[in-house]
Q: 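What follows is a structure written as structure tokens; I'll ask about it next.
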Amino acid sequence: MPELPEVETVKTVLKRRIQGLTIQKVDVYYEKMMDIDTQQALVGQTILDIKRYGKYICFVLSNHILICHLRMEGRYFFKHHDEPVLKHEHIVFHLSDGLSLRYHDTRKFGTFDLRDKDRYLSLPPLSLLSKEPFDIDPKAFYLTLKSKSKAIKTALLDQTIIAGIGNIYADEILFACKINPLRKTNLITQKEAKAIVENGVLILNQAILAGGTTIRTYVSELGVSGRFQLKLMVHQREGEPCYTCGSSVVREVINGRSSFYCKKCQSR
DNA sequence: AACGAAACCTGCGCGC
DNA sequence: TGCGCGCAGGTTTCGT
């Protein structure tokens with residue numbers, strides 16, 4: 001479910017709710033999701049801060065960093081300890097305010113990794129992450145694209161090239177830039193690379209704002225997406241008219257992912 | 001290096 | 001009602 005904007009929203013709400021609390025107990029119901037050493041190490045640690053890097057959420061604890069990725073369907077909920085643990089709630093963090101933070105993940109793709117505080121940025125997964133559109137240098141981004149020759153859509157989903165963009169916003173950014181998702185990266189001009197970064201910032205920021213408004217109506221559900229607040233220009237609009245030129249939006253699988261674009265507006 | 005397919009999982013909607 | 005298929009906002013791995 002999450003791309004950068006949704007993860008940012010989850011981070012913000014988590015920070016407001018659990019910063020300063022202590023983890024008193026951790027129950028793991030799906031063992032592959034968190035190893036026993038991590039589970040034990042968490043007990044007694046205080047949550048000092050919550051940060052986001054790309055699509056990762058980092059719990060800054062007294063002695064460690066817990067790095068969480070929500071993958072496709074990870075969500076967090078707050079519940080009372082005595083509420084029954086649901087089928088898809090795989091990890092329950094018992095917190096010092098008497099509530100439990102529950103990690104819910106239908107497809108069980110989410111990940112939890114524990115790292116030492118002094119090395120977590122220099123080890124995977126975070127060491128593999130490039131900068132986000134907000135921070136990336138457009139010239140450096142251009143040079144990276146120039147040095148490769150894969151479809152630009154594939155490159156935008158590659159978190160080692162640019163962080164935080166997922167399938168929806170990749171389509172939206174490329175539409176905004178009038179670039180065909182199949183265009184090879186080495187054919188992207190410096191001007192276009194800059195446009196990708198700028199539209200990336202714009203679209204992600206819009207989405208973060210939308211996520212922020214949505215979340216207030218779903219108090220207990222932290223994984224709620226803001227995408228329905230945003231007007232999607234192409235994504236999920238197969239067969240519908242392009243808002244710019246009226247021709248039919250097409251769907252094509254690129255890099256194993258559904259990609260939506262306007263053949264007339266987005267040039268090869 | 002790039003690309004496709006498969007893997008990790010479950011649930012939903014669809015056509016028959 | 002059941003069955004099989006395609007699909008899902010992510011990432012890794014493996015073979016060509």
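Bear in mind the structure is a predicted one, so any value in this text is a computation, not a measurement. Residue numbers start from 1 in every chain, and the chains themselves are labelled A, B, ... in the order their sequence lines are given, proteins ahead of strands.
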Q: Checking all strands, does A:Tyr30 fall into the base, sugar-phosphate, or nothing category for heavy-atom contacts under 4.0 angstrom?
A: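 Sugar-phosphate: the residue A:Tyr30, judged by heavy atoms under 4.0 Å, touches backbone atoms but no base.
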Q: Do the side chains of A:Pro125 and A:Arg115 get nearer than 4.5 Å, heavy atoms only?
A: yes
Q: Please measure how far the C1' atom in B:dA1 lies from the corresponding atom in C:dG10, and state the result in whole Å.
A: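 Those two atoms are separated by 22 Å.
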Q: Sticking with atom C1', work out how far B:dC8 lies from C:dC3, rounded to a whole angstrom.
A: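 Between the two C1' atoms, the distance is 24 Å.
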Q: What nucleic acid atoms does A:Ser258 come within less than 4.0 Å of, heavy atoms only: base, sugar-phosphate, or nothing?
A: sugar-phosphate
Q: Taking side chain as C-beta onward, heavy atoms only, is A:Glu73 less than 4.5 Å from A:Thr106?
A: yes
Q: Without decimals, in angstroms, what is the distance between A:Ile165 CD1 and C:dT11 C1'?
A: 16 Å
Q: Rounded to whole angstrom, note down the P distance from B:dC9 over to C:dG2.
A: 26 Å
Q: Tell me whether the OP1 or OP2 atom of C:dC7 has a side-chain N or O from A:Arg257 closer than 4.0 Å.
A: no
Q: Round to a whole Å and report the spacing from CD1 of A:Ile254 to C1' of C:dA8.
A: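 Rounded to whole Å, this separation is 17 Å.
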Q: Could you tell me whether A:Ser149 contacts a base, only the sugar-phosphate backbone, or nothing, with contacts defined as non-hydrogen atoms closer than 4.0 Å?
A: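 A:Ser149: backbone/sugar contact only, no base atoms under 4.0 Å.
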Q: State, without any angle test, whether A:Thr46 and A:Thr22 hold a side-chain donor-acceptor pair at a distance under 3.5 Å.
A: yes
Q: Starting from P on C:dA8, measure out to CG on A:Leu232 and report it in whole angstrom.
A: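 Between P of C:dA8 and CG of A:Leu232: 14 Å.
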Q: C:dT11 C1' sits how many Å from A:Lys108 NZ, rounded?
A: 18 Å
Q: So does A:Asp49 pair up with A:Lys15, basic N to acidic O under 4.0 Å?
A: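 Counted as a salt bridge, because a side-chain N and a carboxylate O are separated by less than 4.0 Å.
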Q: Map A:His69 and A:Arg107 onto DNA chain C by nearest heavy atom, then report which one ends up closer to the 5' terminus.
A: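 First, find each residue's nearest nucleotide; the 5'-ward one identifies A:Arg107.
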Q: Does a side chain donor of either A:Lys153 or A:Asn167 reach within less than 3.5 Å of an acceptor in the other side chain?
A: yes
Q: Mind calculating the distance between CZ (A:Phe109) and P (C:dA8) to the nearest angstrom?
A: 13 Å
Q: Output yes when at least one side-chain N/O atom of A:Gln159 is less than 4.0 Å from OP1 or OP2 of C:dG10, else no.
A: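 Indeed not, no polar side-chain atom of A:Gln159 lies that close.
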Q: Taking atom P in both B:dG4 and C:dC7, what distance in whole Å separates the two?
A: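 Approximately 15 Å lies between the P atom of B:dG4 and that of C:dC7.
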Q: For B:dA5, give the paired nucleotide (Watson-Crick: N1-N3 plus N6-O4 or O6-N4; G-U: N1-O2 and O6-N3; both under 3.5 Å), or none.
A: C:dT13
Q: Would A:Tyr120 and A:Tyr53 count as having a side-chain donor-acceptor pair, cut-off 3.5 Å?
A: yes
Q: In whole Å, I'd like the distance from the CG atom of A:Leu126 to the C1' atom of C:dT11.
A: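 It is 14 Å, rounded to the nearest whole Å.
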Q: Can you tell me, in whole Å, how much space there is between the P of C:dT1 and that of B:dT10?
A: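 To the nearest whole Å, 24 Å.
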Q: Taking the P atom of each, how far is C:dC5 from B:dA7, in whole Å?
A: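 One P to the other, the span is 15 Å.
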Q: Is the closest side-chain heavy-atom distance between A:Met33 and A:Thr111 below 4.5 Å?
A: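 Side chain of A:Met33 against side chain of A:Thr111, heavy atoms only: no contact under 4.5 Å found.
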Q: Among A:His90, A:Arg75, A:Lys79, whose side-chain contact (heavy atoms from CB on, under 4.5 Å) with A:Arg102 holds?
A: A:Lys79
Q: Return the value, rounded to whole Å, for the distance between atom OH of A:Tyr56 and atom C1' of C:dT12.
A: 10 Å
Q: Contact boundaries of DNA chain B with chain A (under 4.0 Å, heavy atoms), 5' to 3'?
A: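 Counting from the 5' end, contacts occupy B:dA2 to B:dG11.
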Q: Within this structure, what is the CG-to-P distance between A:Asp113 and C:dT11, rounded to whole angstrom?
A: 13 Å
